[in-house]
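Below is one structure, written out as structure tokens; comments come after it.
The structure presented is a predicted model; accordingly, all values stated were derived computationally and were not measured. All values below were derived from every heavy atom in this structure, side-chain atoms included, with hydrogens, water molecules and symmetry-related copies excluded. Per chain, numbering begins at 1; letters A, B, ... match sequence-line order.
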2 protein chains.
Amino acid sequence: MKDIARVVGVSVNTVSRALADKDDISDGTKQKILEAAKKLKYTKNHLAMGLRGKHTQTIAVIVPENSNPFFAEVIKGIEETVKARGYGLILCNTEQDPEQEKQAIELVLEKRVDGVIFSPAQGDKNILQQLQEHEKPFVLVARYFKNINVNYVVSDNLLGAFLITQHLIEQGHHRILMLNGTREPSSARDRLEGYKKALKANGLTFDDSIVRFGAMEAEDGYRMIKADLKKGRASLNFSAVFCFSDYVAVGVMKAFQEEGVAVPDDIAIAGYDDLFFSSVLCPPLTTMRIPKRELGRIGGNILLKLIKSKKSDPVIQRVLKPRLIVRGSSLKIRNR
Amino acid sequence: MKDIARVVGVSVNTVSRALADKDDISDGTKQKILEAAKKLKYTKNHLAMGLRGKHTQTIAVIVPENSNPFFAEVIKGIEETVKARGYGLILCNTEQDPEQEKQAIELVLEKRVDGVIFSPAQGDKNILQQLQEHEKPFVLVARYFKNINVNYVVSDNLLGAFLITQHLIEQGHHRILMLNGTREPSSARDRLEGYKKALKANGLTFDDSIVRFGAMEAEDGYRMIKADLKKGRASLNFSAVFCFSDYVAVGVMKAFQEEGVAVPDDIAIAGYDDLFFSSVLCPPLTTMRIPKRELGRIGGNILLKLIKSKKSDPVIQRVLKPRLIVRGSSLKIRNR
DNA sequence: ATCATCAACATTAACGTTCATGTGAACGAT
DNA sequence: ATCGTTCACATGAACGTTAATGTTGATGAT
């Protein structure tokens with residue numbers, strides 16, 4: 001700007017106002033300034049603008065893992081939403097690690113993002129304290145905390161798990177291995193509730209020896225099933241597996257395949273999320289359809305609204321309904 | 001800092017130096033300053049630091065689509081690499097749109113990122129001009145431009161396509177439908193070359209009526225095959241499909257499945273990228289294994305090196321070798 | 001002729017840092 | 001006693017913007 005001002009022969013302020021397209025500037029000088037800007041390859045400095053003004057036109061997305069197809073879709077929904085309104089996006093993976101979550105929040109606060117979309121991977125709601133102390137607008141997405149008055153958008157995990165479990169029970173399965181996600185987040189907690197609820201509704205007893213935690217990726221599913229199968233097929237004390245995600249189910253299916261366990265004839269499988277490949281897996285995967293990208297879009301929109309209004313509007317909490325998708329992986333032969 | 005300085009009774013500069021852990025500060029004052037910083041919830045301002053210093057500790061990643069599992073892996077590789085060195089990451093999706101590419105580059109220049117990792121989706125190398133004019137360090141990843149002296153890390157698409165096509169030919173296929181990616185990027189161009197080369201090596205003639213462009217996602221593959229099948233199964237004038245990505249292959253398989261076309265017995269399919277789910281598709285997918293995350297890691301490391309040195313070091317251009325993974329989707333029954 | 005009004009600019013300060021430079025006191029050496 | 005050093009800090013300027021306020025000359029009204 002200084003250079004432009006010198007070239008055109010005006011003050012820096014005039015340049016600023018010309019570039020911002022304010023009024024009270026003569027068309028002549030404005031034109032000259034714009035030309036000079038082009039000639040000098042002027043590029044706005046968002047750092048200076050952010051420092052001077054009070055917003056950076058940047059938001060942060062803090063998720064466990066961008067390569068997990070579920071979060072990839074959520075991120076995409078956020079990105080397209082905020083980009084349309086001129087916001088940039090800072091991405092942080094936490095790898096379900098509380099320490100990394102803390103670091104990510106600290107980082108984005110230091111970067112003075114205008115708001116944060118966060119998918120927490122732990123149970124301790126104190127992780128939100130920093131955001132709150134700094135009065136940074138934020139929205140939880142896909143995971144939330146119980147009894148806390150913050151904005152979030154999630155899907156109904158309790159219902160989803162209930163429906164899936166109910167379906168497996170209807171298929172004649174009484175012992176259903178639950179490969180749940182990491183123990184702390186609401187997603188895993190709520191699904192455990194749904195699973196228990198379905199068992200109870202059907203008069204089945206809950207056995208926590210066939211509930212495992214920590215299955216987030218395909219490798220996890222693969223590893224867990226492989227470990228089970230090491231003790232021999234006869235030792236399997238379940239007839240169905242309810243996976244935390246289709247992503248996990250992929251690993252589970254791979255493990256069964258390698259060990260010659262037939263799905264669904266020997267063991268039934270259900271996933272979660274309805275990822276794009278699930279209908280062409282071998283066999284096609286029964287799953288729960290979640291509006292993944294929509295989660296991101298809604299989260300983005302809530303955040304943008306928060307940033308705009310700045311006031312503490314009434315808290316927005318949205319719970320989207322999932323939908324059971326029954327496919328071959330859970331169907332007894334006689335039902336196919 | 002001003003507040004801390006007032007509380008402790010020192011100058012702002014002293015505060016700055018204490019927080020930066022410089023020497024020539026007495027332990028006493030340093031301690032007092034750190035305490036006051038904590039008490040006042042001081043948070044570094046990266047905007048101011050970036051404005052004053054000459055780096056922002058932020059890099060940009062500009063890719064076609066973060067939700068595409070291939071790029072999701074690349075992004076992950078980049079993220080983990082740069083995070084380890086204290087860099088933040090700005091993510092931009094371009095959706096293969098030259099206009100969005102231009103906007104993304106402009107945006108990240110305005111944000112004064114220290115460097116850019118870019119996966120261009122068009123053939124016009126002028127898109128790099130802005131980056132070069134601003135002397136912004138950048139690395140191309142997964143796609144490059146011919147005859148241009150810039151840093152990149154890619155996989156050998158010509159070789160990959162050659163090997164896949166060769167394999168399909170060996171399986172007895174003479175007419176292989178190529179569902180290529182968008183026409184412009186090097187990935188699609190090189191694979192077309194590899195495809196042609198394999199045909200020629202086997203004395204087959206190239207027929208551009210069975211080469212399609214624009215297949216990037218599952219939906220694209222689905223749509224294209226569905227359109228073909230609308231004219232009736234008898235009209236199919238190919239016996240194998242070589243998809244731009246396993247992602248595309250998922251859609252292709254879904255379309256065939258819906259229309260009762262058996263894979264591989266009626267039509268063989270090969271994908272590309274070896275995505276995590278490909279081995280448990282129905283049937284398991286023949287594909288080309290690409291070190292996706294490694295592409296990101298290497299790209300990130302090159303960029304960081306560039307940022308450090310700042311000098312125009314010798315250009316780094318890495319071409320990673322792919323590996324053919326043969327699975328059921330391409331095997332004639334008698335070969336299984 | 002006088003004065004308010006207004007258009008079109010300029011000046012100043014501030015956003016939060018850090019670098020370059022300045023300063024004063026204490027200290028040791030001669 | 002004098003001088004150079006060193007330590008531990010302070011001062012000022014600058015990074016690139018923009019909001020608040022100031023200035024000037026022209027215009028029009030009376």
Other residues, nucleotides, ligands: >12 heavy atoms within 6.0 Å of [X] [atom1]:
{"X": "B/Asp27", "atom1": "CG", "result": "no"}
{"X": "B/Arg189", "atom1": "CZ", "result": "yes"}
{"X": "A/Lys125", "atom1": "NZ", "result": "yes"}

Is there a donor-acceptor contact under 3.5 Å linking the side chains of [X] and [Y]?
{"X": "B/Glu95", "Y": "B/Gln100", "answer": "yes"}
{"X": "B/Asn157", "Y": "B/Ser187", "answer": "no"}
{"X": "B/Lys111", "Y": "B/Thr58", "answer": "no"}
{"X": "B/His46", "Y": "B/Thr56", "answer": "no"}
{"X": "A/Gln103", "Y": "B/Lys83", "answer": "no"}

Please determine if a side-chain N or O atom of [X] lies less than 4.0 Å away from the OP1 or OP2 oxygen of [N].
{"X": "A/Lys22", "N": "D/dA19", "result": "yes"}
{"X": "A/Thr29", "N": "C/dA8", "result": "no"}
{"X": "A/Ser26", "N": "C/dA7", "result": "no"}

Report yes if the side chains of A/Leu128 and A/Gln130 come closer than 4.5 Å at any heavy-atom pair, otherwise no. no
State, yes or no, whether a side-chain contact exists between B/Met216 and B/Thr182 at a heavy-atom distance under 4.5 Å. yes
Value rounded to 0.5 Å, distance of [atom1] in [X] from [atom2] in [Y]:
{"X": "A/Asp114", "Y": "A/Lys136", "atom1": "CG", "atom2": "NZ", "result": "6.5 Å"}
{"X": "B/Leu295", "Y": "B/Ile75", "atom1": "CG", "atom2": "CD1", "result": "12.5 Å"}
{"X": "B/His55", "Y": "B/Lys308", "atom1": "NE2", "atom2": "NZ", "result": "10.0 Å"}

Separation of [X] atom [atom1] from [N] atom [atom2], in whole Å?
{"X": "B/Lys2", "N": "C/dC15", "atom1": "NZ", "atom2": "C1'", "result": "8 Å"}
{"X": "A/Asp3", "N": "D/dT17", "atom1": "CG", "atom2": "C1'", "result": "14 Å"}
{"X": "A/Asp21", "N": "C/dA8", "atom1": "CG", "atom2": "C1'", "result": "16 Å"}
{"X": "B/Asp24", "N": "C/dC19", "atom1": "CG", "atom2": "P", "result": "12 Å"}
{"X": "A/Met1", "N": "D/dA14", "atom1": "CE", "atom2": "C1'", "result": "17 Å"}

With B/Tyr144, which residues qualify under ring pair (Phe, Tyr, Trp, His ring centres under 6.0 Å), at least two apart? B/Tyr152
Among [range], which residues get a heavy atom nearer than 4.0 Å to DNA chain C?
{"range": "residues 104-111 of chain A", "result": "none"}
{"range": "residues 32-55 of chain A", "result": "A/Leu51, A/Arg52, A/Lys54"}
{"range": "residues 4-20 of chain A", "result": "A/Gly9, A/Val10, A/Ser11, A/Asn13, A/Thr14, A/Arg17"}

Least distance between heavy atoms, B/Ile25 atom then B/Lys30 atom: CG2-CB, 3.7 Å
Contact summary for A/Ile127 and A/Pro98, nearest pair of heavy atoms: CD1-O, 4.5 Å
If we fit an axis to the first five pairs and another to the last five of the helix from C/dA1-D/dT30 to C/dT30-D/dA1, what angle do they make, to the nearest 10°? 60°
Check the interface with nucleotides 22-26 of chain C: list each N/O to N/O pair with the protein under 3.5 Å, or write none.
none

